[in-house]
Protein chains: 4
Amino acid sequence: MKKREVLASVKDERLVKKRRNQMIKGAISLFKQKGFHRTTTREIAKASGFSIGTLYEYIRQKEDVLYLVCDRIYDEVHERMEKDIGTHHGTIESFKLAIARYFKVIDDLQDEVLVMYQEAKSLSKESLPYVLNKEMQMVAMFEKILQTCVNNGVFQLTEQEIQLFAHNIFVLGQMWAFRRWALQKMYTLEEYIELQTDLLLRGIMEKRS
Amino acid sequence: MKKREVLASVKDERLVKKRRNQMIKGAISLFKQKGFHRTTTREIAKASGFSIGTLYEYIRQKEDVLYLVCDRIYDEVHERMEKDIGTHHGTIESFKLAIARYFKVIDDLQDEVLVMYQEAKSLSKESLPYVLNKEMQMVAMFEKILQTCVNNGVFQLTEQEIQLFAHNIFVLGQMWAFRRWALQKMYTLEEYIELQTDLLLRGIMEKRS
Amino acid sequence: MKKREVLASVKDERLVKKRRNQMIKGAISLFKQKGFHRTTTREIAKASGFSIGTLYEYIRQKEDVLYLVCDRIYDEVHERMEKDIGTHHGTIESFKLAIARYFKVIDDLQDEVLVMYQEAKSLSKESLPYVLNKEMQMVAMFEKILQTCVNNGVFQLTEQEIQLFAHNIFVLGQMWAFRRWALQKMYTLEEYIELQTDLLLRGIMEKRS
Amino acid sequence: MKKREVLASVKDERLVKKRRNQMIKGAISLFKQKGFHRTTTREIAKASGFSIGTLYEYIRQKEDVLYLVCDRIYDEVHERMEKDIGTHHGTIESFKLAIARYFKVIDDLQDEVLVMYQEAKSLSKESLPYVLNKEMQMVAMFEKILQTCVNNGVFQLTEQEIQLFAHNIFVLGQMWAFRRWALQKMYTLEEYIELQTDLLLRGIMEKRS
DNA sequence: AATGAATGAGTCTTCATTCAT
DNA sequence: TATGAATGAAGACTCATTCAT
């Protein structure tokens, strides 16, 4: 699925990139504070360091900013994951590592993740699929990791279970961000990682044997 | 924590209740479609079956509607859970039953749950705690169930693990609603319940015994 | 052809009529001075004696004001013509009278006529036909008068000639308004009426006989 | 009356002429479609084949474009008339010919004529007189023709009648353009010319003799 | 208690014009 | 000379809230 194009009046690609970077940075910081709807285009322009007129040289409508922001956040998460995870060996250790790193990335970018999850619903019917697609790619990443483990005989999971498990990991990672008001009072990130990993891997039934 | 009071000009308590019921019903159906921000007070009034003037006899500001809606949805979930769960015996079977019923309730009320999770962030700093508190109560319910199981020796979980596990259950239930675009294409509710229950209980490591 | 409906949020028909009267009056005076495009909705509201919010209770878009104005002007011209002309006897005298009265109406309403002719083109593709239709009705009125005269044997004109002649009368009347910068320096209204009537009726060829 | 000067920053007269030609051509085609107000300077620049910055090297404000366009259209009409009419002999035949040719020119340039008549009102108080002056010159041309005929004893018209008649011819010619939505459905250009000429010359009263 | 007309601050967006390169 | 990025004033329109009836 190709990226949705956000049209700019300005032709210089380099400049477009630079200005959009400013824009995204400014917008994220505003969306964090007040959400997409309560943020005005003027505020976005100001936070981006240029005038309202200039803002509209780089986007068509306010919603484009939101799309750009969501797009960027995903790329950011993705990039960090790839850098961190890199090769995966299909061992329990490397599985644990992957989860730990995912959770760390979420922790690093928790404001951004929050923004995305709270505002993505405001995307137009046109843009939403592109963002959801990115989400599926993230989930697919976890599926692949799990599959490798299964192939190695480390885990025993059906196809269906792999899919669901991948979703669970994805969501329980985000949970660290969107339920931080509760969780981050109870655990440090390290504790959270350890506990979740345990819970996920161990099962909670007493082993009778 | 006491309910936050939403002041009404009208004195007749009976009437206030009736009108607010109309209001909540109308508002939920609108929020489902277009979200809180894109819904106007006029639309709410119309969907409620009375005039904009009357609407403001029963609330102070638009945000009050959102609070009332969130409040109501929680009550609804709570009520259904209680009716369903009732007594809990601390056995694996009754634990499974509790989860199944929670997931069913989420499935029944998925639009409402969605509304709450997507819009709660728009609550004022004043109202938010009341809603979060309700959420904690739900989590606490799962904690209690888990605790009973632990007390019965059915599960082996530390205090910390119980808390986290309760959160997980809570979130994985909601996940059925807010990721329905993906999950409900893959599983029926029954499959989802069974798979999740399995995953939660079994652990996924091969048992090397 | 039915009138195009301009939707109002306000239900009270009486009030709608009253407010629209204020609006039309205010708008005409502004359009006279600066044209439709250079007049802002705020100015229209102010000139109408109410707030911008109230203005939009009675129209949907700025263009609606223009439509309402054009519509009204035509009705005004029409009404005055009917009152004046009433019965037409098909004699030269009554033909002359009709022309004289039409020209007088144009003179009375010359600002309005000017507005209509200069701004009608800004009407949307949706509204324009309704206004053009009214224009055709005016022309048809002249056709009827001419036809009566022809039937009475007073004039000798083919069907085609009647149509064209009616258009000519219509346009030469308006000319008094939209070329007033030239004509009204040269003639009084009375002179204009007399000269035009003469020219129209007499033909300008020397009578060789 | 001298042409109003439109100042250009560029000094090279040759270039100024060339660029303005491009500009006028581009602008006319845009004004035809959407009118002066709805056309942006960016669009004009683009249609002219150069950048917005360059556009402003050749004009001071947007309105200058309109003035240039109106000016050019008049010149065009004038030029074609002169070429066509050339010498006028003061006979009925040559009078008829003059009218026929004027109407043909209008037909050829009807879009342009329309633009001018609909947009001239948007000219500033400064520019308007120059355009109106050109209009008077056109009317004067008809006056001269009529005068010659009168001098030759072909027509019997007073000074006043000549002036008015000239205006009528001028306006009935334009009418072919600005009422084309009605007239051009009813007549071909040839029919229109013949009918109008007849009506103008013959008079419509039955000849009693 | 109920109504709905009135209000005007606030929002997105456009576009003529400038100016550094 | 030519370019096009930057500007910000200005405009159309919305909508939460009030208040007289």
Side-chain angles (χ1 to χ4, degrees), chain A residues 8-12 15-16 18-19 37-46 49-63 65, chain B residues 8-12 15-16 19 37-46 49-65, chain C residues 8-12 15-16 18-19 37-46 49-63 65, chain D residues 8-12 15-16 19 37-46 49-65:
Chain A
S9 305
V10 173
K11 292 303 170 78
D12 182 342
L15 193 54
V16 171
K18 179 181 160 197
R19 292 280 179 259
H37 278 107
R38 294 201 210 279
T39 301
T40 69
T41 51
R42 281 192 140 74
E43 287 169 328
I44 296 172
K46 193 170 184 185
F50 36 70
S51 72
I52 182 67
T54 300
L55 180 70
Y56 276 88
E57 292 286 312
Y58 295 93
I59 55 162
R60 276 247 185 299
Q61 334 163 38
K62 188 185 175 191
E63 197 234 287
V65 181
Chain B
S9 308
V10 174
K11 294 304 164 196
D12 181 344
L15 193 53
V16 171
R19 292 278 179 259
H37 277 107
R38 296 201 209 279
T39 301
T40 69
T41 51
R42 276 171 136 100
E43 287 170 326
I44 296 172
K46 193 170 184 185
F50 39 71
S51 72
I52 181 68
T54 300
L55 180 71
Y56 274 86
E57 294 290 316
Y58 296 92
I59 56 162
R60 277 251 182 296
Q61 335 162 40
K62 187 187 175 189
E63 197 234 288
D64 290 344
V65 181
Chain C
S9 304
V10 172
K11 292 304 172 76
D12 182 343
L15 193 55
V16 171
K18 179 181 160 196
R19 292 280 178 259
H37 278 108
R38 295 200 209 278
T39 301
T40 70
T41 51
R42 279 190 140 78
E43 288 170 327
I44 295 172
K46 193 170 185 183
F50 37 69
S51 71
I52 182 67
T54 299
L55 179 70
Y56 277 89
E57 292 286 310
Y58 295 92
I59 55 163
R60 274 244 185 303
Q61 334 163 40
K62 188 185 176 191
E63 197 234 287
V65 181
Chain D
S9 306
V10 174
K11 295 302 164 196
D12 181 344
L15 193 53
V16 171
R19 291 277 179 261
H37 276 107
R38 295 199 210 279
T39 301
T40 69
T41 51
R42 275 171 135 99
E43 288 170 326
I44 295 171
K46 192 171 185 184
F50 38 72
S51 72
I52 182 66
T54 302
L55 180 71
Y56 274 87
E57 294 291 317
Y58 296 92
I59 55 163
R60 275 248 183 297
Q61 336 161 38
K62 187 185 175 190
E63 197 234 288
D64 290 344
V65 181

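Just so we're on the same page: letters track the sequence lines, and every chain starts at 1.
The two residues A/V16 and A/A8 have their closest heavy-atom pair at CG2-CB, 4.2 Å. Across C/Q61 and C/Y56, no two heavy atoms sit closer than the pair CA-CE2, 4.3 Å. Nearest heavy atoms, B/K62 versus B/H37: NZ-O, 3.7 Å.
Using a 4.0 Å heavy-atom distance criterion, D/K11 is classed as a sugar-phosphate-only contact. If you check every strand for non-hydrogen atoms under 4.0 Å, B/R38 touches nothing. Residue-level contact check: A/S9 touches the backbone only, with heavy atoms under 4.0 Å from sugar-phosphate atoms and none from bases.
With rounding to the nearest 0.5 Å, the separation of CD in A/E57 from NZ in A/K11 is 11.0 Å. The CZ atom of A/R42 sits 10.5 Å away from the CG atom of A/L55 when rounded to the nearest 0.5 Å.
For the pair A/F50 CZ and F/dT7 P, the computed distance is 9 Å after rounding to whole Å. Whole-Å rounding puts the C/E63 CD to F/dG11 P distance at 19 Å. Whole-Å rounding puts the A/K46 NZ to E/dT11 P distance at 14 Å. A straight line from CD1 of C/I52 to P of E/dA5 spans 18 Å, rounded to a whole angstrom. Across the protein-nucleic acid pair, C/D12 atom CG and E/dT3 atom C1' stand 12 Å apart, rounded to whole Å. Protein atom NE2 of C/H37 is 15 Å distant from nucleotide atom C1' of E/dA16, rounded to whole Å.
Under the Watson-Crick and G-U wobble criteria, each requiring two contacts below 3.5 Å, nucleotide F/dC13 is paired to E/dG10. Both distances falling under 3.5 Å, in either a Watson-Crick or a G-U wobble arrangement, place E/dA16 opposite F/dT7.
If B/I59 and C/Q61 are placed on DNA chain F by their nearest nucleotide, the residue sitting closer to the 5' end is C/Q61. Two residues, A/L55 and B/E57, neighbour DNA chain F, and the one matched to the more 5' nucleotide by heavy-atom proximity is A/L55. Each of B/R42 and A/T39 was matched to the nucleotide of DNA chain E holding its nearest heavy atom; the match closer to the 5' end belongs to B/R42. DNA chain E is contacted by both B/Y58 and A/R60; B/Y58 maps to the nucleotide lying nearer its 5′ end (nearest heavy atom per residue).
With a 4.5 Å cut-off on side-chain heavy atoms, D/D64 and D/Y58 do not count as touching.
Look at C/Y56 and you won't find any side-chain N or O under 4.0 angstrom from OP1 or OP2 of F/dT14. Contact check, B/R19 against E/dA2: a side-chain N or O comes under 4.0 Å of OP1 or OP2. Checking the phosphate oxygens (OP1, OP2) of F/dC13, no side-chain nitrogen or oxygen of C/T41 falls inside 4.0 Å. In this structure, C/T54 does not reach the E/dA6 phosphate: none of its side-chain N or O atoms is under 4.0 Å from OP1 or OP2. For the pair D/T40 and E/dC15, the criterion of a side-chain N or O lying under 4.0 Å from OP1 or OP2 is not met.
The side chain of D/K62 lies closest to E/dA16 when the candidates are E/dA16, F/dT17, E/dA1.
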